[in-house]
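First comes the structure, then the notes that go with it.
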Amino acid sequence: MANPCILVFAGSIRTGSFNARLAAIAAKEIALAGAEVTLISLADYPMPIYDGDLEAASGPPENAIKLKRMMMAHPGVFIASPEYNASITPLLKNTLDWISRVRDGKEVPLAAYKNRVFALGGASNGQYGAMRSLLALRQVLEIGCGALAIPEQIAVARAAEAYDEMGLFKDEQNTQRLRNVVHRLIDMARQFA
Ligand SMILES: Cc1cc2nc3c(=O)[nH]c(=O)nc-3n(C[C@H](O)[C@H](O)[C@H](O)COP(=O)(O)O)c2cc1C
């Protein structure tokens, strides 16, 4: 079976973001596992805060349409999700919400979330490593959008100390955990490729 292409992005555009670093390591591990990878930054897809009036007047923003089509072109998606007040960032929620509103032609609603598989990771400087953000993201994806997300996930605790100067994990356990997530994601994504 052909190797699938996996889309990777983080829910933070902060300079030096712990989650952008996690996304970068995930992308590297995906490539090492022999799959193709597309690593993007949401900084390149700015969009206004969702507003029903805006949508009624002009439809979803161009960047939401672009991102939605990009998701459709990838059978696997890895999201590195920061934790804000025990949930996901407004940037990530807004992006996922706008994508959920894009419908090309007569396709089913929420098409970007169907027929592909998601894997979740998160990094925070706290001891739980964005774990609550992963729970919230799982709710949005699985319950809200009807997506399939694999149970394996990675929560990188004490993120300020977790990465070395090369941007890799200092702790082998984190590397192994991420590898496990990524390998399962690729295996599952193959079924949708
Ligand atoms: C509004 C706000 C709320 C936050 N709430 C949490 C939280 O509930 N749990 C946590 O571990 N960190 C929390 N943090 C700290 C973030 O984990 C930290 O800013 C982290 O660097 C964000 O991810 P990033 O490095 O990828 O940008 C919060 C930060 C902000 C700005």
Side-chain angles (χ1 to χ4, degrees), residues 6-32 37-51 61 63-64 66-67 70-71 74 76-100 113 118-145 147 149-182 185:
I6 310 291
L7 178 65
V8 179
F9 63 89
S12 169
I13 55 172
R14 184 178 74 82
T15 305
S17 159
F18 301 141
N19 289 277
R21 287 190 241 179
L22 171 59
I25 303 177
K28 181 180 148 273
E29 290 294 340
I30 289 164
L32 283 174
V37 61
T38 309
L39 175 64
I40 61 166
S41 167
L42 294 184
D44 295 325
Y45 300 87
M47 35 186 114
I49 288 286
Y50 177 82
D51 170 357
N63 281 334
K66 274 192 200 161
L67 267 183
M70 189 174 292
M71 266 168 57
H74 291 80
V77 182
F78 180 94
I79 303 178
S81 178
E83 182 166 296
Y84 279 8
N85 296 321
S87 190
I88 65 176
T89 58
L91 170 68
L92 180 57
K93 184 65 163 60
N94 191 51
T95 302
L96 296 175
D97 284 347
W98 269 123
I99 289 172
S100 77
Y113 297 98
F118 291 79
L120 283 47
S124 112
N125 206 26
Q127 61 176 323
Y128 301 116
M131 187 64 87
R132 296 170 303 176
S133 149
L134 299 185
L135 290 172
L137 180 55
R138 216 168 261 290
Q139 172 165 322
V140 172
L141 289 173
E142 294 191 316
I143 313 291
C145 300
I150 59 169
E152 292 84 355
Q153 60 184 24
I154 176 167
V156 181
R158 297 181 187 85
E161 306 299 321
Y163 304 96
D164 67 18
E165 62 284 354
M166 304 286 285
L168 301 175
F169 288 129
K170 290 180 188 166
D171 182 352
E172 183 58 22
Q173 269 194 349
N174 277 331
T175 307
Q176 283 307 331
R177 208 166 283 138
L178 179 59
R179 218 163 260 167
N180 190 36
V181 172
V182 155
L185 173 63

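Note that this is a predicted model, so its numbers are computed, not measured. Note that ligands are numbered from 1 as they come in the structure, with each ligand's atoms numbered from 1 the same way.
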Quiz: residues 38-49 side-chain donor-acceptor pairs under 3.5 angstrom, not counting sequence neighbours:
| from | atom 1 | to | atom 2 | distance (Å) |
| --- | --- | --- | --- | --- |
| Thr38 | OG1 | His74 | NE2 | 2.7 |
| Ser41 | OG | Ala43 | N | 3.0 |

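Between the side chain of Asp164 and the main chain of Lys170, no donor-acceptor pair closer than 3.5 Å is present.
Contact shell of ligand 1 (protein heavy atoms, cutoff 4.0 Å): Ser12, Arg14, Ser17, Phe18, Asn19, Pro82, Glu83, Tyr84, Asn85, Ala86, Ser124, Arg132.
With sequence neighbours left out, the salt bridge (Lys or Arg N to Asp or Glu O under 4.0 Å) criterion links Lys93 to Asp97. With sequence neighbours excluded, no residue satisfies ring-ring contact (aromatic ring centres under 6.0 Å, His included) with Tyr84.
Nearest heavy atoms, Ala130 versus Pro82: CB-C, 4.5 Å.
Counting non-hydrogen atoms of neighbouring residues, nucleotides and ligands closer than 6.0 angstrom, the CD atom of Glu172 exceeds 12 such neighbours.
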